[in-house]
Amino acid sequence: ALPIYTVGQTVAYAMAGAFAEYTLVPAKIAIPLPSVKPQFLPLLVSGTTAYISLKEFGGLFEGKTVLVTAAAGGTGQFAVQLAKKAKCHVIGTCSSDEKVGFLKSIGCDLPINYKKANLGQVLKKHYPKGVDVVYESIGGEIGRA
């Protein structure tokens, strides 16, 4: 182990075999974790997915208007926070008032409960020129709005 790590220390990494209970990990790609908790797993998988999707494919940068579908879900909540960190205006869709509250708590500018409001109408009213980036992970009617 390198001086920054101890044998048996909890770390994460994102390579083939990453989901094994025990494995040998090169120190240069290990990410130290404070403890073994399932909450840390999404940081690598969902966080990386949202980052690459927004930054590499969405061309995310300051001032853009971003629509995130399933914004309270696994990758959606990362997409909301990453877009806010990039100083973007974020619209997030969700399916309950509880999730609307959650989205507000993580900085979403306009959470939309699509079970109570017509997404297409809300978008046309508030964003008549459209949005710049869509992080779409649901499909179907939501994707067509």
Side-chain angles (χ1 to χ4, degrees), residues 2-5 9-21 23-145:
L2 291 177
I4 60 171
Y5 298 114
Q9 181 178 347
T10 303
V11 298
Y13 78 111
M15 299 289 286
F19 296 104
E21 186 173 354
T23 188
L24 184 61
V25 178
K28 67 182 180 182
I29 63 169
I31 301 164
L33 297 177
S35 63
V36 178
K37 289 185 179 177
Q39 296 93 319
F40 294 126
L41 180 61
L43 293 173
L44 289 175
V45 179
S46 296
T48 301
T49 299
Y51 177 83
I52 291 170
S53 298
L54 288 171
K55 192 75 173 165
E56 300 299 320
F57 298 113
L60 187 70
F61 60 85
E62 184 175 345
K64 293 232 178 180
T65 298
V66 180
L67 169 64
V68 179
T69 64
T75 61
Q77 61 185 283
F78 284 101
V80 168
Q81 293 174 82
L82 289 166
K84 287 306 297 180
K85 187 165 180 63
K87 298 180 181 171
C88 295
H89 178 81
V90 181
I91 309 151
T93 69
C94 61
S95 62
S96 73
D97 290 338
E98 179 183 5
K99 291 177 182 179
V100 165
F102 170 70
L103 291 176
K104 287 179 181 177
S105 79
I106 62 171
C108 186
D109 297 295
L110 179 61
I112 302 169
N113 179 344
Y114 61 81
K115 292 196 174 188
K116 287 188 167 182
N118 180 292
L119 178 60
Q121 289 176 357
V122 172
L123 292 175
K124 285 178 187 168
K125 178 182 175 185
H126 294 282
Y127 309 94
K129 294 182 181 179
V131 299
D132 301 307
V133 177
V134 178
Y135 185 90
E136 207 290 307
S137 59
I138 296 177
E141 276 305 308
I142 294 291
R144 288 188 278 282

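It should be emphasised that the depicted structure is a prediction, and the values quoted were computed from it without experimental measurement.
Minimum interatomic distance between Gly92 and Ala71 (heavy atoms only, all atoms of both residues): CA-CB, 3.6 Å. Heavy-atom minimum distance, Gly58 versus Lys64: O-NZ, 4.3 Å. The two residues Tyr5 and Ala30 come nearest to each other via the heavy atoms OH-O, 2.9 Å. The shortest non-hydrogen separation linking Cys88 to Asp109 is O-OD2, 3.7 Å. Nearest heavy atom pair, residue Leu60 against residue Leu82, reads CD2-O, 4.3 Å. Closest non-hydrogen pair, Pro111 versus Lys104, comes out as CG-CG, 3.6 Å.
Of the possible polar contacts, none joining the Ser53 side chain to the Ala50 backbone as a donor-acceptor pair under 3.5 Å is found. A donor-acceptor pair is defined here as one N or O able to donate and one able to accept, closer than 3.5 Å; such a pair exists between the side chain of Asp132 and the backbone of Thr65.
Side-chain atoms of Tyr114 and Thr69 form no donor-acceptor pair, as typed in the model, at a separation below 3.5 Å.
Residue pairs that meet the ring-ring contact (aromatic ring centres under 6.0 Å, His included) test with at least one member in residues 66-94, sequence neighbours left out, are His89-Tyr127.
Annotation: the span from Lys55 atom NZ to Ile52 atom CD1 amounts to 12.5 Å, rounded to 0.5 Å. A distance of 11.0 Å separates NZ of Lys37 from OG1 of Thr10, quoted to the nearest 0.5 Å. Interatomic distance, CG of Leu44 versus CG of Leu33, reported as 7.5 Å (0.5 Å rounding). Taking OG1 of Thr93 as the start and OH of Tyr135 as the end, the distance is 12.0 Å to the nearest 0.5 Å. Here OG of Ser95 is found 6.5 Å from CG of Asn113. Values are rounded to the nearest 0.5 Å. Atom CD in Gln77 sits 9.0 Å away from atom OG in Ser105 (nearest 0.5 Å).
Residues Lys116 and Asp97 meet the side-chain proximity criterion, which asks for heavy atoms closer than 4.5 Å.
Surrounding CZ of Phe102 are more than 12 heavy atoms belonging to other residues, nucleotides or ligands, all under 6.0 Å away. Within a 6.0 Å radius of CD in Glu98, other residues, nucleotides and ligands contribute 12 heavy atoms or fewer.
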